[in-house]
**Student:** 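Pasting a structure here, questions to come.
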Amino acid sequence: MFESLTESLSGVFDKLTKRGILKEEDVTAALREVRIVLLEADVALPVVKDFVARIKARAVGREVLKSVAPGQQVVKIVNDEMVAMLGGEAEDLNLAAAPPAVILMVGLQGSGKTTTTAKIAKRLVERNKKTILMASLDVRRPAAQEQLKVLGEQIDVATLPVVAGQMPVDIAARAISAARLQGADIVLLDTAGRMHVDQGMMAEVAAIKAASNPVETLLVADSLTGQDAVNVARAFDQQVGVTGIILTRMDGDGRGGAALSMRAVTGKPIKLIGTGEKLDAIEIFHPSRIASRILGMGDVVSLVEKAAETIEQEDAERLAKKMQAGKFDLDDLRAQLRQMMKMGGMQGLLSMLPGVGKMKNQMAGAGLDDKALKRQEAIINSMTPKERRHAKILNASRKRRLAAGSGTTIQEVNRLLKMHKQMGSMMKRMKKMGSKGMLPPGAMPPGMGHLLPKK
Amino acid sequence: MADPEDAKKGWFSRLRDGLRRSKSNLSSGINEIFAKRRLDEAALQELEDLLISSDLGVATAGRVTERLRRAKFEKNISPDEVRGALAEEIEKVLEPVAQPLEIGTEHRPHIILMVGVNGTGKTTTIGKLAHQLKEQGRSVMLAAGDTFRAAAIEQLEIWGERAGVPVVRTKTGGDAAGLTFEAVDKARSAGVEVLIIDTAGRLQNRQELMDELAKIIRVIRKKDASAPHHIILVLDATTGQNALRQVEVFGELADITGLIMTKLDGTARGGVLVACAEKFGLPVHTIGVGESIEDLHAFEARAFAEAIAGTGNKSEAS
């Protein structure tokens with residue numbers, strides 16, 4: 001489903017960018033498809049309508065239609081508008097309050113409040129060197145208070161001792177005075193999950209807020225949320241008043257349209273995103289990245305960053321030198337294959353690449369999945385050091401030996417060598433283009449498909 | 001903890017209450033589109049958008065719209081007619097999948113495995129289901145197979161106490177497959193009729209977690225080749241189109257046999273369930289409409305369709 005959507009969208013953009021002259025109908029047709037893509041990505045309908053209208057106003061304007069590459073211009077406008085809607089700049093938590101600063105966590109059931117509370121605590125301890133006290137005001141879900149206590153032990157952050165039968169507002173007051181006595185900088189208040197239509201429960205959380213005067217009231221929301229995201233965000237913002245949004249489960253394969261909806265109806269920034277089950281899997285939200293994701297353009301920036309984290313500095317420098325010298329031997333290819341596997345294999349990488357749908361099909365066609373990576377490494381492992389440095393000397397009999405040695409076929413050996421050759425020539429081309437650095441966020445890197453082996 | 005007011009109401013009225021906002025959203029939308037108006041292209045387009053915005057999915061929305069076009073194009077049509085046609089169409093899709101959870105007596109224990117993404121309500125649903133089965137006079141045992149999330153085991157134990165059924169457990173961080181193995185043995189020697197196994201929440205795109213789930217199923221099959229007799233995917237009604245992905249992947253990797261949808265007491269329409277029914281045809285057994293132990297009800301196509309479309313109270317008998 002997502003693949004085909006991504007394909008259809010890049011198809012729309014392709015059509016646009018190929019045209020020399022754009023008529024208003026072309027833009028209208030393209031925007032109709034953009035609308036479907038957004039709806040399928042779970043962006044709420046009113047938000048979609050508003051968004052499309054704004055793009056149209058800009059796209060049929062004079063600047064676009066008379067520009068050199070009108071199609072490209074439209075794509076850029078879509079991306080720019082989306083980034084603008086998602087909030088432009090990244091925003092971190094606001095901690096500017098006299099200690100103990102209170103952070104209140106609110107949201108629907110099962111959105112991930114308790115886990116997120118612990119993640120934030122860990123982040124604030126490690127990055128901001130703060131002393132934290134966490135308290136669970138969830139007296140409804142069985143063992144919710146126990147859950148926060150256990151998480152606190154795991155990350156070595158204090159939790160408020162549980163007093164059975166105490167009501168949420170009283171627990172909040174006790175947490176704040178305990179924090180004051182202990183000299184804690186920040187109190188994190190985790191609340192029970194509640195439906196936004198449950199008047200009693202919404203009044204309860206509003207009362208908690210009034211009593212605890214938090215510097216941040218964070219709405220924790222599931223990034224997989226559908227059209228209802230607008231209702232949830234609006235209700236919490238109007239009845240409780242939120243200062244920021246945290247999106248959880250961003251490591252899922254959802255498109256995250258809820259982000260756009262929530263930001264648009266509340267105007268409140270998305271501050272952090274949860275990206276995994278481990279307690280350090282929380283990150284600052286970068287609007288441009290989710291914009292690309294919603295549009296199915298992949299997340300090139302995150303990919304580059306992930307690569308930077310995984311790739312050993314020395315290896316990278318060595319490789320860069322070799323590339324500059326126009327040399328890229330099979331040792332380097334092997335190092336790259338290993339890095340790819342380290343970075344989560346094909347599937348992990350693919351999910352971040354632009355034009356995923358197309359690539360996936362090509363990959364399947366080329367038989368290049370995670371197993372293929374391992375087989376390719378095996379082929380290279382079967383080579384002598386000399387063969388790895390000079391691929392040219394690989395004649396038919398050597399290839400036969402390699403196939404037998406690695407348990408593969410001659411065809412596979414040939415395919416690997418071809419891929420190596422293509423990568424080498426691409427690097428030469430990149431060298432010619434000069435070292436302009438990495439691609440801008442959200443941009444479609446030209447000729448991404450060339451990276452792939454062709455049959 | 002349960003509101004006594006709530007307990008008095010019938011389940012349908014509670015579902016309807018839960019769906020009221022969304023329903024009024026949709027029906028007032030329909031009113032807006034069709035009040036004193038001919039069914040033209042613009043109106044059809046708006047209707048399609050509206051259906052999509054109820055999380056019904058593009059395919060279903062397109063089909064309903066197309067049906068209306070064929071029947072009523074260029075005719076004057078009242079909002080009631082539109083709603084009627086809409087409810088009918090939704091019911092048609094849901095009818096074949098509305099199948100109660102049949103727990104036969106041929107297997108002892110009858111093994112039910114609960115799976116799903118994090119936070120959809122697996123543990124809570126197990127508590128409610130255990131209570132319901134207990135009320136029907138069945139003997140039930142629970143297995144706290146979520147050994148990952150902090151205090152998930154304690155949470156299930158509390159539900160076990162409330163429902164009055166034993167819970168097999170290990171420690172947090174323990175081996176879920178090992179616990180499952182042990183639970184099947186214990187259920188057998190205790191002679192219970194139904195064993196419900198909880199699992200940790202997992203995103204369907206996390207391969208290693210899906211592998212772990214496959215292992216749990218293999219372990220159960222080692223004990224009883226016919227088991228698990230039900231593998232139920234718990235879906236959150238607030239989830240959007242990703243629910244389709246969840247059903248697809250859990251279906252492929254975990255052989256799910258049916259669905260339960262939770263959190264239908266919000267404004268979420270659960271419209272994606274219609275899309276799921278259309279695409280996968282998996283049985284939908286029950287729906288969760290609240291936090292108290294009674295809040296689990298059989299899934300009824302007619303009631304659900306009417307609640308979404310905002311048509312009459314004809315089937316309000318419970």
Side-chain angles (χ1 to χ4, degrees), chain A residues 1-2 35-36 39-42 44-46 48-49 108-112 114-115 118 139-151 153-154 193 195-198 200 221-229 231-232 235 248-249 251-255 257-258 276-277 345 347-348 351 370, chain B residues 1 3 17-18 20-22 25 49-50 52-55 57-58 117-121 123-124 127 148-159 162 172 201-207 209 236-246 248-249 262-263 265-269 271-272 290-291:
Chain A
M1 175 175 119
F2 298 104
R35 182 167 71 169
I36 298 290
L39 288 170
E40 283 286 350
D42 290 323
L45 182 70
V48 173
K49 282 196 165 158
L108 298 182
Q109 289 94 341
S111 57
T114 307
T115 306
V139 296
R140 289 175 69 92
R141 183 164 60 88
Q145 292 178 304
E146 172 75 14
Q147 185 184 353
L148 192 68
K149 183 176 150 240
V150 173
L151 291 173
E153 284 160 10
Q154 283 175 16
M195 283 294 173
H196 52 294
V197 289
D198 187 332
D222 186 341
S223 63
L224 307 176
T225 308
Q227 295 286 329
D228 209 31
N231 300 324
V232 173
T248 58
R249 295 196 257 284
D251 52 329
D253 55 7
R255 298 286 289 280
E277 295 193 322
Q347 285 197 335
S351 63
D370 288 350
Chain B
M1 222 162 284
D3 190 343
D17 283 352
R20 181 172 291 149
R21 295 223 173 174
S22 52
N25 229 352
D49 278 357
L50 210 48
I52 290 171
S53 82
S54 306
D55 281 329
V58 171
V117 168
N118 320 56
T120 55
T123 308
T124 306
F148 180 80
R149 181 166 61 86
I153 295 168
E154 288 76 4
Q155 188 183 350
L156 191 72
E157 279 186 321
I158 294 171
W159 280 113
R162 288 184 187 170
T172 301
R202 65 200 75 226
L203 286 167
Q204 74 277 5
N205 60 333
R206 294 284 300 274
Q207 189 59 45
L209 299 179
D236 180 334
T238 47
T239 305
Q241 298 306 303
N242 192 251
L244 289 165
R245 245 341 247 170
Q246 293 174 19
E248 185 182 340
V249 177
T262 60
K263 305 185 203 174
D265 46 337
T267 47
R269 309 160 171 88
V272 72
E291 284 182 320

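Letters A, B, ... are given to chains in the order of the sequence lines, protein chains preceding strands, and every chain is numbered from 1.
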**Student:** Please flag which part of Leu209(B) lies under 4.5 Å from any non-hydrogen atom of chain A: side chain, backbone, both or neither.
**Tutor:** side chain
**Student:** Atom CZ of Arg206(B) and atom CG of Asp253(A): how far apart are they, to the nearest 0.5 Å?
**Tutor:** 12.0 Å
**Student:** To the nearest 0.5 Å, what is the distance between CG on Asn118(B) and CG on Asp222(A)?
**Tutor:** 9.0 Å
**Student:** Counting heavy-atom pairs under 4.5 Å with chain B, which one of Thr114(A), Asp251(A), Leu108(A) comes out on top?
**Tutor:** Asp251(A)
**Student:** Can you name the side chain to side chain donor-acceptor pair (under 3.5 Å) partners of Glu154(B), sequence neighbours left out?
**Tutor:** none
**Student:** Is chain A contacted by the side chain of Val117(B), its backbone, both, or neither, given a heavy-atom distance below 4.5 Å?
**Tutor:** side chain
**Student:** Which answer fits Gln204(B), side chain, backbone, both or neither, if we ask what part of it has an atom under 4.5 Å from a heavy atom of chain A?
**Tutor:** side chain
**Student:** About how many Å separate CG of Asp228(A) and NZ of Lys263(B), when rounded to the nearest 0.5 Å?
**Tutor:** 11.5 Å
**Student:** Let's test your reading of the structure: which of Lys149(A), Gln147(A), Glu146(A) forms the most heavy-atom pairs below 4.5 Å with chain B?
**Tutor:** Gln147(A)
**Student:** Would you check if Thr225(A) and Asp236(B) make a side-chain contact, meaning some heavy-atom pair closer than 4.5 Å?
**Tutor:** no
**Student:** Go through the steps for Gln109(A) and Thr124(B) under the test side chain to side chain contact (heavy atoms under 4.5 Å, CB included), then give the verdict.
**Tutor:** CA-CA 11 Å; Gln109(A) 289 94 341; Thr124(B) 306; over 6 Å; no
**Student:** Quick check on Glu153(A) against chain B: is it the side chain, the backbone, both or neither that has a heavy atom closer than 4.5 Å?
**Tutor:** neither
**Student:** Name the option with the most non-hydrogen atom pairs under 4.5 Å to chain A; the candidates are Ile158(B), Asp55(B), Thr239(B), Thr238(B).
**Tutor:** Asp55(B)
**Student:** Going through the checks in order, is the side chain to side chain contact (heavy atoms under 4.5 Å, CB included) test met by Leu203(B) and Leu224(A)?
**Tutor:** CA-CA 11 Å; Leu203(B) 286 167; Leu224(A) 307 176; 4.2 Å; yes
